[in-house]
Amino acid sequence: MPFVAPVFAAIGAGISAVATAVGLGAAAGAISAAVINFGVSFLINTAISAIFGKTPSMKAQGISRDLAQPSSAPAYRFVYGETRATGTPVGTPVKGNYIWGAWLLNSRPSDLSTFTLYLDKREVVLSGDAFDMDGPGAEATEEPFRKGVDLLLDLVGVNHVNVWISRGAQTSPPAEFLEDAAYEEGERDDLWKATDAWRGCTIVWLKLRAGESGSRQERWPSTPPLVEVEGKWSLVEDPRTGVTGWSENHALCVRDALMNNPIRGYRAEQLHSSFDADGPNACDEVVNLKEGGGEKRYICGGTLVFNEGEIEDQLNPMMISGAADFIRVGGKLGYAAGVYREPTETLTYLLGEGFEFPDMLPGADLVNQLRVSYLSASRGYETADLTPWDIPGALADDGGVPAVKTVDLPFCPSATQAMRVRKITGLRQRRQERIQGGTLPPEAFNLVGGATVTIALPSPYDALDGVYEIEGIHPGLDPIGESGEVAMRLPASLVKHDAAIYDWVPAYDEEEVFDEEYDGERKGTAEPGAISVTTGDAVNLDTGGTIIPRIRFAFDPSTSGVTGYEWEHTGDNPIGGLLGIYQTGGVIGSDVRDASGKVFGFLSVRPNFFYNIRVRAIGPNGNSDWVEIEDVKGVVDIEIDIPIEGVAVGGAGEITVSFRTPNDPDFRAIEIYGSDTDDSGPASLIGTAIYTSQNTIVSINEGSLGTSVTRYYFARSRGEYASASAFTASVSATTDP
């Protein structure tokens with residue numbers, strides 16, 4: 001039976017529960033301090049830490065970026081499941097035209113029976129035996145890592161990459177390292193000795209040729225290159241069979257991390273039996289997919305980097321990736337899988353002198369929308385985002401106040417698993433009805449944290465009835481009355497539970513995944529998305545007296561892990577735009593996002609001038625290509641009053657026309673147009689704009705018109721940044737006959 005405490009069963013069977021309940025919770029006698037306490041059991045909700053930030057976020061890109069940095073003391077890490085691991089350079093000496101380097105992939109042995117090597121995000125197609133440490137290793141067969149003809153060297157082709165993989169059993173570097181890049185005391189202390197084996201670790205050894213200068217930048221955009229290896233990693237023990245081998249079973253990977261971590265390793269007897277069968281079996285259950293077929297319920301893939309702190313806290317990102325929680329049963333640590341557990345007991349009464357029944361979470365703990373990221377295999381095991389998910393009915397229940405939280409699943413290499421984890425996490429966080437401070441009767445003795453129980457109380461307390469999950473329970477014996485008799489007491493905290501939290505209907509619940517397929521030909525850093533722009537009042541900066549016109553530009557973020565986005569513009573010099581002469585705009589942080597998830601920035605401009613804007617992503621693997629948008633014009637929309645209708649007077653071959661300027665603080669100048677027809681469309685400007693003050697009569701004379709000529713006149717106001725009003729109605733006059 002799952003989630004029971006069998007160690008207590010014999011004790012519990014011999015205890016007479018002499019206390020009885022009167023009505024609901026009235027004990028037969030006064031309750032004093034317990035004379036015997038058994039092991040406390042409670043559920044550790046890892047989603048709380050993931051959602052409300054009690055442990056740091058561990059995005060896959062951030063881990064990869066940190067591990068890629070050269071280090072003489074590389075981070076201790078375990079790589080689980082099938083994923084892509086980033087290598088840490090632990091020695092990259094140069095001798096001659098070659099780098100003779102070693103990259104740490106896993107701080108333990110690995111399966112890695114087959115693998116794929118990536119250098120600066122590009123797949124390296126290999127031929128040969130990379131596991132033969134005494135031979136030449138595997139070598140590249142395709143460009144840019146192998147050149148077909150090199151006239152400077154020979155005509156048979158030049159290889160630029162040789163690879164060896166040691167999976168933990170190695171006793172020395174590859175033989176070629178010791179032959180051609182051997183340690184020379186006092187001369188080349190940075191080269192390789194036979195003892196530089198990194199025993200017990202998984203290492204990729206690379207002999208990299210720089211190659212001809214003309215293609216070197218394309219081949220090696222960063223030095224040393226970003227090294228990644230994709231395959232099946234750590235070997236874990238399965239207590240169900242006693243066999244140690246590769247597995248991506250979520251519960252088994254967590255168990256392995258608890259037992260083999262370098263911080264505080266658990267012994268098998270310190271782990272609850274839920275790790276032995278119930279947890280692994282739940283993870284191995286097959287869940288149907290909308291497109292047909294199925295997948296195991298909870299798998300694990302990713303890199304666990306160990307640092308200071310409690311090991312349980314460091315495993316929280318792994319736990320939430322499988323919707324799992326830790327449980328404590330006495331002194332043992334257990335595993336509560338992300339599945340519904342049927343109640344094992346039905347309680348018809350409670351003991352104790354009272355309890356609380358809160359039915360509302362504090363506002364700070366409310367969540368009504370989740371944004372979830374996971375590892376996308378089709379995008380090189382980089383982070384991908386699911387569609388933001390509104391928890392059904394939650395926003396309305398919260399009075400329309402949005403409460404958006406982000407959940408990172410850095411050990412979830414399945415989009416559909418991420419969807420299921422998202423639903424479970426969101427609905428579990430919405431549970432608000434609790435029983436706190438209550439005492440369960442002896443029948444509940446075998447219940448532990450994470451178990452469920454049916455509460456079926458008599459009227460009028462049946463409003464509390466339903467299925468509850470045990471959040472915490474503390475068994476103990478209490479003295480009753482003066483006779484010295486004792487009774488079992490089980491103070492507990494329970495939360496209202498529902499099997500529907502775990503329901504999954506693929507046709508309804510599974511969403512379409514928009515994953516960009518990984519492109520092995522792309523450069524080290526993927527470029528950002530296309531640029532879109534917004535101009536006008538919506539984005540101009542109003543300082544209270546002066547309006548500063550701006551162009552707002554936005555784009556989808558790069559699919560690579562980046563540190564920021566560099567942007568440039570051509571300025572307001574039209575020649576600069578024609579010649580493509582750019583000036584720097586600055587760097588936008590990698591975490592800057594608008595409400596639609598786009599990266600954005602602003603460029604202050606002169607109105608009615610055209611600008612080109614371009615951006616590129618900056619990352620540990622180099623810079624991406626530029627993405628550009630051309631001929632963008634800043635616009636200022638200022639409404640200005642039109643001039644007051646004027647008067648036109650004809651004379652001998654001439655007409656004098658007058659208009660009064662409006663009493664508008666935004667007014668700067670007046671323009672007067674003339675036409676042979678009563679239509680402002682074909683009218684032409686007479687002279688130039690006349691800059692004058694508000695509420696002033698402005699007159700002009702149009703001469704040399706001839707006799708009996710009729711002309712029509714229109715005027716409009718001008719403001720700052722070339723803004724203009726509408727035209728006035730026409731005034732007209734005719735010259736003398």
Side-chain angles (χ1 to χ4, degrees), residues 535-538 540-551 570-578 604-611 631-737:
T535 60
D537 286 345
N540 292 337
L541 181 62
D542 188 347
T543 64
T546 302
I547 295 177
I548 300 175
R550 298 190 300 181
I551 297 171
T570 53
D572 51 26
N573 184 340
I575 296 178
L578 292 173
S604 297
V605 299
R606 292 175 62 187
N608 300 321
F609 279 77
F610 289 91
Y611 295 77
D631 298 333
V632 183
K633 182 173 70 172
V635 178
V636 177
D637 300 321
I638 299 178
E639 294 185 4
I640 307 171
D641 292 344
I642 65 174
I644 298 170
E645 291 187 9
V647 175
V649 177
E654 64 179 12
I655 297 175
T656 300
V657 60
S658 302
F659 286 92
R660 181 182 293 275
T661 62
N663 189 24
D664 187 332
D666 291 323
F667 172 83
R668 296 293 181 270
I670 186 172
E671 294 176 337
I672 299 177
Y673 287 72
S675 175
D676 292 334
T677 62
D678 190 6
D679 183 0
S680 62
S684 57
L685 177 65
I686 301 174
T688 60
I690 302 169
Y691 286 83
T692 185
S693 58
Q694 307 158 22
N695 199 24
T696 301
I697 294 177
V698 177
S699 298
I700 62 172
N701 180 271
E702 189 179 25
S704 302
L705 295 175
T707 60
S708 301
V709 173
T710 301
R711 294 278 287 168
Y712 299 85
Y713 298 93
F714 310 84
R716 67 179 182 183
S717 302
R718 282 286 187 181
E720 286 187 311
Y721 307 114
S723 54
S725 73
F727 283 105
T728 63
S730 66
V731 294
S732 65
T734 303
T735 60
D736 293 341

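From a predicted model like this one, the values you see are computed outputs, not experimental measurements.
At least one side-chain heavy atom of I655 sits less than 4.5 Å from a side-chain heavy atom of L705. The shortest side-chain heavy-atom distance between I551 and Y611 falls under the 4.5 Å cut-off. Under the 4.5 Å side-chain criterion, counting only non-hydrogen atoms from C-beta, T692 is in contact with V698. The shortest side-chain heavy-atom distance between T707 and D736 does not fall under the 4.5 Å cut-off. The closest side-chain heavy-atom distance from V731 to F659 is below 4.5 Å. By the 4.5 Å heavy-atom criterion applied to side chains, S725 and P643 are counted as neighbours.
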Could you walk me through whether D676 and R711 pass the side chain to side chain contact (heavy atoms under 4.5 Å, CB included) check? CA-CA 5 Å; D676 292 334; R711 294 278 287 168; 2.7 Å; yes
Evaluate the criterion side chain to side chain contact (heavy atoms under 4.5 Å, CB included) for residue pair T728 and R716; output intermediate values, then yes/no. CA-CA 6 Å; T728 63; R716 67 179 182 183; over 6 Å; no
Go through the steps for V605 and T535 under the test side chain to side chain contact (heavy atoms under 4.5 Å, CB included), then give the verdict. CA-CA 10 Å; V605 299; T535 60; over 6 Å; no
Go through the steps for D664 and Q694 under the test side chain to side chain contact (heavy atoms under 4.5 Å, CB included), then give the verdict. CA-CA 7 Å; D664 187 332; Q694 307 158 22; 5.8 Å; no
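For the atom pair F727 CZ and I672 CD1, the distance stands at 11.5 Å (nearest 0.5 Å). Atom CD1 of I670 sits about 11.5 Å away from atom CD1 of I640, to the nearest 0.5 Å. E645 contributes atom CD, which lies 8.5 Å from atom OG of S730 (distance to the nearest 0.5 angstrom). A distance of 10.5 Å separates OG of S684 from CZ of F714, quoted to the nearest 0.5 Å. For the atom pair OG1 of T656 and CD of E702, the computed distance is 10.0 Å after rounding to the nearest 0.5 Å. The structure places OG1 of T735 at 9.5 Å from CD of E654, a figure rounded to the nearest 0.5 Å.
Scanning both residues, N701 and G703, for their nearest heavy atoms gives OD1-N, 3.7 Å. Heavy atoms only, all atoms of each residue included: A689 and E671 are closest at CB-CG, 3.7 Å.
Looking only at distances, no side-chain donor or acceptor of N695 sits under 3.5 Å from a matching main-chain atom of N663. Using a distance-only test at 3.5 Å, with no hydrogens or angles considered, no donor-acceptor pair links the side chain of T710 to the main chain of A733.
The aromatic ring centroids of Y713 and Y673 lie 6.0 Å or more from each other.
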